[in-house]
Structure formats: structure tokens, C-alpha cells
There are 4 protein chains.
Amino acid sequence: MGTTARGRIDKRAAILDAAYTVFAREGYAQAGVDVIAAEAGVAKATVYNHFGDKETLLRAAFEAVAADALARNMAAVERLAGPGDLRTILEEVGYDLIRCYCDAKSWALRRMLAAEVGQFPDLLDIVQGRVADRVMESLADRLARLALAGRLRATDPLLAAEHLSGLLTGSLDRRGRYGTRDIPEDELYDVARAAVDTFLQAFGAE
Amino acid sequence: MGTTARGRIDKRAAILDAAYTVFAREGYAQAGVDVIAAEAGVAKATVYNHFGDKETLLRAAFEAVAADALARNMAAVERLAGPGDLRTILEEVGYDLIRCYCDAKSWALRRMLAAEVGQFPDLLDIVQGRVADRVMESLADRLARLALAGRLRATDPLLAAEHLSGLLTGSLDRRGRYGTRDIPEDELYDVARAAVDTFLQAFGAE
Amino acid sequence: MGTTARGRIDKRAAILDAAYTVFAREGYAQAGVDVIAAEAGVAKATVYNHFGDKETLLRAAFEAVAADALARNMAAVERLAGPGDLRTILEEVGYDLIRCYCDAKSWALRRMLAAEVGQFPDLLDIVQGRVADRVMESLADRLARLALAGRLRATDPLLAAEHLSGLLTGSLDRRGRYGTRDIPEDELYDVARAAVDTFLQAFGAE
Amino acid sequence: MGTTARGRIDKRAAILDAAYTVFAREGYAQAGVDVIAAEAGVAKATVYNHFGDKETLLRAAFEAVAADALARNMAAVERLAGPGDLRTILEEVGYDLIRCYCDAKSWALRRMLAAEVGQFPDLLDIVQGRVADRVMESLADRLARLALAGRLRATDPLLAAEHLSGLLTGSLDRRGRYGTRDIPEDELYDVARAAVDTFLQAFGAE
DNA sequence: GATGAATGAGCCTTCATTCAT
DNA sequence: CATGAATGAAGGCTCATTCAT
């Protein structure tokens with residue numbers, strides 16, 4: 001009994017994992033439900049028992065990954081509160097955010113979103129509404145507190161957040177070739193440092 | 001006489017147009033060649049006579065759109081040379097670049113690239129190698145000349161170009177919902193102005 | 001319980017049967033898998049579930065018919081062992097072999113083999129290696145025993161078998177118009193009798 | 001003018017040749033008219049200008065090859081009239097007939113006939129009516145004359161012809177693997193000698 | 001009469017989905 | 001609930017044939 005319930009949950013998780021892996025690897029349309037089932041180690045019909053149809057499976061997989069991405073981005077942003085040298089902190093947070101952006105699952109999330117936004121516009125709500133917007137708001141909050149504390153120039157904090165974000169990620173699609181190339185760690189750090197440098201030039205106190 | 005050749009060329013162009021439209025609307029995998037043929041007003045076999053297979057058709061459509069995008073981006077960047085108030089010029093150029101970025105075909109180009117880069121890595125060479133990189137280099141060239149002329153702070157021009165670009169486009173995916181929402185013109189202008197403002201704060205002379 | 005397995009086996013057999021019928025009637029290339037599926041009373045995809053592709057289906061159908069033909073030819077040849085008047089026995093065996101040769105499925109087998117040997121050379125191994133050669137060897141064996149028993153002239157038994165076979169079947173392609181005409185039973189018997197007559201004239205003891 | 005007519009005839013012959021080559025190589029159904037046209041060095045439409053459709057082209061090619069085969073078989077049979085040692089003559093004629101049978105074009109003719117007799121029964125009339133039957137009748141004629149001359153036992157000459165033919169060709173399908181293997185010359189000669197030996201044993205005078 | 005381009009029908013194969021066990 | 005088998009609706013591609021030059 002407990003075993004069964006466990007088995008059931010395990011299977012569900014295995015399917016979700018397999019689905020995301022296969023969707024990310026082959027794209028939603030090209031991904032076969034047989035392949036997902038095989039990768040999850042279950043029968044094809046079991047996938048349907050759990051998720052009803054392929055579209056629902058996509059959404060479920062999206063939600064799982066989006067939740068994970070949200071948590072990791074939030075954790076990065078929240079470190080902006082602490083004391084210490086502002087440039088150093090910003091560089092660390094920036095680097096962490098870049099790392100989140102360049103995570104394989106994040107690349108896949110954005111690629112799949114771009115691919116399917118036309119067919120499934122509600123995926124945007126999952127990714128943007130539940131993740132990107134919240135992260136951006138949170139970042140703006142922290143920057144606002146820094147401005148209040150006199151450590152940054154006082155401006156529209158949302159704009160500052162957008163610009164920091166743009167400086168950090170603006171070159172990553174090109175550098176990472178849309179997720180098909182792994183950017184070396186030190187290159188990532190250079191990107192973060194340069195972005196923070198420009199950001200502080202523009203938004204630094206005084 | 002010329003009619004035949006014209007007719008042939010017209011059909012080829014019509015197919016390319018239709019292909020891009022349908023690919024952009026439905027995604028590469030979901031797009032049916034029959035639909036493309038119907039939209040182009042030709043028989044399905046004619047599509048195959050011209051392009052051999054669906055994949056080649058995708059590449060050809062990509063190349064056509066990429067060439068167009070290149071031309072329009074280049075035209076925008078080249079205006080950076082002229083005389084006049086630097087902020088004003090930058091705002092205009094920035095606005096034009098944003099307009100290029102937000103063109104329906106450009107959205108589609110990036111979405112399709114993201115969607116299919118896993119299956120067709122060479123699309124990256126078309127879009128990035130032939131367009132994005134060149135535009136960025138060209139932008140860096142112009143910024144370098146402005147720095148030489150003492151109108152900008154002297155720094156790595158490629159970095160400056162990347163940062164300007166990041167500031168301009170960093171928020172557009174979110175604002176434009178990956179191309180599914182039309183951003184009003186004045187919002188675009190605000191974005192350009194804010195980006196240029198931050199850019200000049202960071203890279204302005206003095 | 002058994003019903004499912006039965007059903008599966010039934011379907012497989014039905015598909016094989018239908019495939020052979022349709023292949024024989026229309027030729028491999030012209031035969032549509034939909035037609036085969038319809039004739040078998042299953043969905044087209046079921047054919048592919050069982051056999052993977054059309055080529056494999058052809059081979060499977062060949063093998064089934066070849067196995068059947070082998071059994072029937074062997075049964076005929078094995079009767080050559082018994083006692084009794086040699087001429088009578090030879091005539092009966094000869095007649096049976098001719099009947100095997102003129103069976104509708106045998107005509108089709110040879111026709112399809114001839115038709116497709118260029119594209120699928122391994123069909124030859126199925127038909128010739130597993131059937132024709134074995135029957136010929138078996139026939140040679142029996143003739144050898146008859147020679148040993150002094151009932152036939154002692155010669156190369158394989159040659160004798162080939163010649164008996166040639167005498168029996170040499171005129172059948174013409175008479176049966178490659179399987180498109182049914183040869184009357186008594187004509188078949190005449191052919192057998194004449195062949196045996198010539199055979200005994202050449203290979204009879206004394 | 002003369003040049004044009006010549007060119008026209010040349011093209012027609014080239015198409016017929018190419019058609020037979022391609023039909024023989026790939027089979028009627030698999031053979032593409034484009035391929036035939038390419039092999040003939042003309043445009044596809046030219047093939048249609050000359051022959052109307054693929055079926056007619058097949059018939060025309062058949063007729064050309066059948067006429068050639070008839071001529072060569074007849075030439076072989078006619079040598080049966082001459083003086084000289086009967087066994088020697090029979091062996092030579094038998095060998096020649098076997099050579100005709102094993103000619104690449106003859107294999108192809110029979111293979112294609114077998115393949116398409118179901119769809120185009122009239123091909124049988126071309127091959128059998130115009131060639132096989134006539135050759136057999138002609139052979140029977142010669143054997144009858146030999147019997148009249150006391151050099152062969154007097155029997156039904158048509159039967160004798162059929163049996164000689166069966167002895168000669170009975171093993172060739174197997175030996176030549178339906179035309180996919182070249183039988184060495186000396187093996188062919190052995191076959192002829194053995195067939196004639198058995199034939200004379202059965203039908204020799206006295 | 002010869003050609004290049006266009007066509008429409010058809011065919012093999014795949015795949016999301018359902019059903020019976 | 002998990003599974004193996006079955007299905008129907010497409011979809012990419014080919015090819016015999018026709019048309020305009």
C-alpha cells in the first residue's frame with residue numbers, strides 16, 4: 001500500500017523528469033510520447049493515465065521547472081540585502097543570476113517557451129508571470145532598499161532592475177549559442193563584472 | 001518570354017514568403033508543407049521542386065529573412081556616424097534598433113531559432129554569424145569612432161556595444177511577450193530613451 | 001486470457017495472408033499497405049506494429065509461403081521410397097510435384113521472386129536455399145536409393161533429379177501462362193506421364 | 001532535315017534502350033520516367049511525346065527485346081538442319097539456346113514478364129506468342145525432320161522439343177539465380193552436354 | 001518536336017490517443 | 001492503475017502526367 005502510493009508518486013515524477021528531458025532535447029512537437037514513456041521506464045498508456053494528454057504533460061513539466069527556476073533566482077536576488085562591499089555583492093549576485101540563466105534547464109525552458117508560445121500562450125503566464133516578473137520585482141525591491149540606504153542613486157528601481165538584468169544577460173544568447181554551447185565559468189564571471197561595472201557607473205551613488 | 005522566368009521567380013518568392021509565415025505561425029514541426037503550398041498558391045510538389053525538402057525550405061526562409069534583418073539593422077547603426085546632439089542620435093538609433101527587434105519577422109526569427117537550434121544548429125550561423133555578430137561589430141565600430149572623437153568615454157567598444165544592446169533589448173522579451181503582444185510606439189520610445197540615458201551615464205564623455 | 005494472444009496471433013496471420021494475396025495480385029511495388037490492411041481487416045498502423053515496414057512484411061510473407069511449399073514438395077518426394085511399380089510411383093510423385101508447382105501460391109511465389117530478386121536478393125535464399133535446393137537434394141537422395149536398388153540406371157543422382165524436374169516442369173510456364181491460366185488436371189497428368197516416360201527411357205534400369 | 005529525322009529516330013531508340021535498361025534494373029513499377037529520360041539523355045516530356053505513357057513504353061521496349069530474342073533463338077534452332085554428328089550438333093544448338101536463355105536481356109525479359117503478367121496480360125502474347133511458342137514449334141519441326149531421316153526415334157516432335165528444352169533450361173533458374181549470377185561458360189556447356197546426353201538416351205534412334 | 005516547370009493523386013510511415021485485460 | 005495492442009488521422013515525399021514556351 002504505502003509501497004504502491006510511493007510507486008505511483010515515483011512514476012509520476014519519473015514521467016515529469018523524462019518529459020522535460022525529452023521535450024528539451026527534441027522539442028515539443030518532435031518529442032514522442034513513446035520516447036518519454038521509455039525514458040521514464042513506464043508504458044505509454046501510463047503517461048496518459050497520469051496526465052491525460054501531451055499538452056497537459058508539457059504544462060506540468062513547465063510548471064515543475066519554472067518553480068525550480070523561481071526558487072533559484074529568488075535565492076540569488078535575496079543575497080542583495082546583506083552588508084559588505086556593494087560592488088562585490090552585486091558581482092556575486094549577478095554571477096549567480098547569470099548561472100541561473102545559463103542552466104541547461106533554463107535554456108530549455110526559454111527555448112521551449114519561444115517555440116510554443118504561439119500554440120500555448122498560457123505557458124507565458126507560467127514562465128513570465130510566475131518567474132521572470134517576480135524575480136524582476138524582487139530585484140527592484142532590493143535595489144530600492146539600496147537606494148534608500150544611499151548606496152545607489154535614487155531612480156526608478158524597476159528600471160534599474162531591468163537595466164541590470166539587461167546588462168547581465170544581454171550577451172548570453174550570443175555567447176551561449178542559445179544553450180548549445182557551455183560558457184566557461186570565468187567568462188561568465190567576466191560578464192558579471194563588466195555588467196556590474198557599467199551598472200555602478202550609471203547607478204552608483206553620487 | 002520574361003513571363004516564364006518571372007513566373008518561376010515569383011513562385012519561389014511566394015513559397016519563401018508563405019513558408020516563413022506558416023513556420024512562424026505554427027512552428028517548424030507543426031507546419032504542414034501542404035499548408036505552405038496552399039498559402040503560396042502552388043501545388044505541394046512545386047515546393048519540393050524548388051527546395052527539395054522541408055528542412056532546406058526552412059533554411060532558405062531563414063536566410064531570406066536574416067538578410068532582410070541584417071540590412072535593416074545595418075541601416076540603423078550606420079546613422080550613428082552623423083553630426084548632431086549625441087543623445088538625440090543615440091535615442092533615434094536605439095529606437096530604430098528596437099523597432100527592428102520588435103518587427104514581427106524578427107520575433108519569429110528568434111523564436112524559430114530558439115525552437116530549432118537543437119535540431120538544426122546551423123541556423124545559428126545564419127542568424128548569429130550573418131546578422132547579430134555583424135550588427136554588433138558595426139555598432140562597436142561606430143562607438144569606437146565616437147570615443148575617438150571624444151564624444152564617449154574610451155573603453156572596449158565591443159563591450160560598450162553589448163551593453164547598449166542589452167540596455168535596449170533587455171526588457172523587450174517581457175514587454176512584448178515573446179512577440180505575441182504589440183508594444184506601443186511610445187513605450188518603445190521610452191525604452192530607448194531610458195536605455196540611452198543609462199548608457200550615457202555609464203559611457204558618456206567626462 | 002488466451003483470447004488476447006489468440007487475437008494477436010490471428011491478426012498476424014491475417015495480415016500475412018492478406019499481404020501475400022495482395023502482393024501476388026498487384027505486385028510488391030504496386031501493392032498498398034492500406035489495401036493489405038483492409039484485406040486483413042485491421043488498421044494500417046497495426047500492420048506496422050507487427051512488421052515494421054513493407055519490406056519486412058514481404059519477407060515474412062515469403063517465408064510463410066516458402067515453408068508451406070517446402071512441406072508440400074517434401075511430402076510428395078518422400079513417397080518415392082515406397083514399393084510398387086516404379087513407373088506408377090514416379091508418375092504419381094511427378095504429378096504431385098507438378099501440382100505443387102502449379103499451385104496458385106507457388107506461381108505467385110516464383111513470379112514475385114523473379115520480380116523482386118533485383119531489389120531484394122535475399123528472397124532468393126528463402127525460396128531457393130530453403131525450398132528448391134532442399135527438394136532437389138531430397139529427390140536426388142531418393143533416386144540414388146532407387147539406383148542402388150537396381151531400379152534405375154546408376155548415374156549422378158543430382159543430375160537425374162534435375163532432369164526429371166526439368167522434364168516435369170519445363171513446359172508448365174508456357175502451358176500455365178505464368179500462372180494466369182489454370183491447367184486442367186488431365187493435362188497435368190499427361191505432362192507427368194510424358195515426363196516420366198522420357199525419364200525412364202533415359203534413366204530406366206537395363 | 002535529314003539530320004532532324006535522324007535525331008528523332010536516334011532519340012526514340014535511345015529512349016527504348018534506356019527504358020529497357022532501367023526497367024530491367026529497377027523493375028517496371030520502381031522505374032521512374034525521369035530516370036529513363038536521364039539515361040536516354042532527353043527531357044522527361046520527350047519520352048511522353050514519343051510513347052504517350054509509361055505502359056506503352058514498357059510494351060515497346062518489350063517488343064524490341066522480344067524481336068531480338070526471337071531472332072537469336074531462331075538462328076540457333078536453324079542450325080539443327082545441317083549434316084554432321086547428331087550429338088555434336090545437338091550440343092552446339094543446346095549450348096546456343098542456353099546462351100540465349102542466359103543473356104542478360106533475356107533474364108530481364110522473363111523477370112519483367114513474371115512481374116507484370118498480372119497487370120499486363122498482353123505482355124505474355126508478345127513474349128510467348130511471338131517468341132517462345134515459335135521457337136518451340138521451330139525446334140519441333142527440326143526434330144521431326146531428324147526423326148524422318150531416321151536419326152531420332154519417331155515420336156511426337158512437339159513433346160520431344162519440350163523435353164529437350166526442359167532438360168536444357170530446367171536447372172538454369174537455380175544456377176543463374178534468376179539472372180543475378182553469371183554462370184561460367186564451361187558450366188553452361190556441361191549443362192548442355194548433360195541435357196543432350198539424356199535426350200539422346202531417351203530419343204536417340206534405336 | 002523538345003523542354004522546364006507545375007501538378008494532383010497516392011503511398012509509406014508516424015504518432016497521439018484509446019481500449020481491453 | 002499499469003500495460004500491450006490497436007487505431008485513425010495526418011504528414012513528408014514521389015511520380016506519372018500535362019502545359020506553356
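Nothing here was measured: the structure is a model prediction, and the numbers come from that model. Each chain gets a letter, A, B and so on, in the order its sequence line appears, and its residues count up from 1.
If you run side-chain contact (heavy atoms from CB on, under 4.5 Å) between A:Glu63 and each of A:Ile126, A:Leu58, A:Val127, only A:Ile126 comes through.
The CZ-C1' distance, from B:Arg12 to E:dG4, rounds to 15 Å in whole Å. Atoms CD1 (A:Ile15) and P (F:dC1) sit 13 Å apart, rounded to a whole Å.
For A:Ala43, taking side-chain heavy atoms from C-beta onward, the closest of the listed nucleotides F:dT7, F:dG4, E:dT3 is F:dG4.
The cationic group of D:Arg111 does not satisfy the cation-pi geometry with D:Trp107, failing either the under 6.0 Å distance to the six-membered ring centre or the 45° limit from the ring axis.
Ionic pairing of B:Asp125 and B:Arg59 is not present here: no N-O contact between side-chain nitrogen and carboxylate oxygen is shorter than 4.0 angstrom.
The side chain of C:His50 places no N or O atom within less than 4.0 Å of a non-bridging phosphate oxygen (OP1 or OP2) of F:dA5.
The main-chain N or O of C:Arg25 is found under 3.5 Å from a side-chain atom of D:Gln119 such that the two form a donor-acceptor pair. In this structure, the side chain of C:Lys54 engages the main chain of C:Tyr28 through a donor-acceptor pair within 3.5 Å.
Atom OH of B:Tyr20 is separated from atom CD1 of B:Ile36 by 12.5 Å, given to the nearest 0.5 angstrom.
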Dot-bracket for DNA chain F, please. Rules: Watson-Crick or G-U, both distances under 3.5 Å, ( ) within the strand, [ ] when a pair crosses earlier ones, | for another strand, . otherwise.
.||||||||||||||||||||
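In this structure the side chain of C:Asp17 never reaches within 4.5 angstrom of the side chain of C:Glu39, judged on heavy atoms.
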Could you go through the side-chain contact (heavy atoms from CB on, under 4.5 Å) check for C:Tyr48 and C:Leu57 one step at a time?
CA-CA 9 Å; C:Tyr48 283 91; C:Leu57 180 56; over 6 Å; no
With B for base contact, S for sugar-phosphate-only contact and - for none (protein heavy atoms under 4.0 Å), nucleotides 13-18 of chain F reads BBBBBB
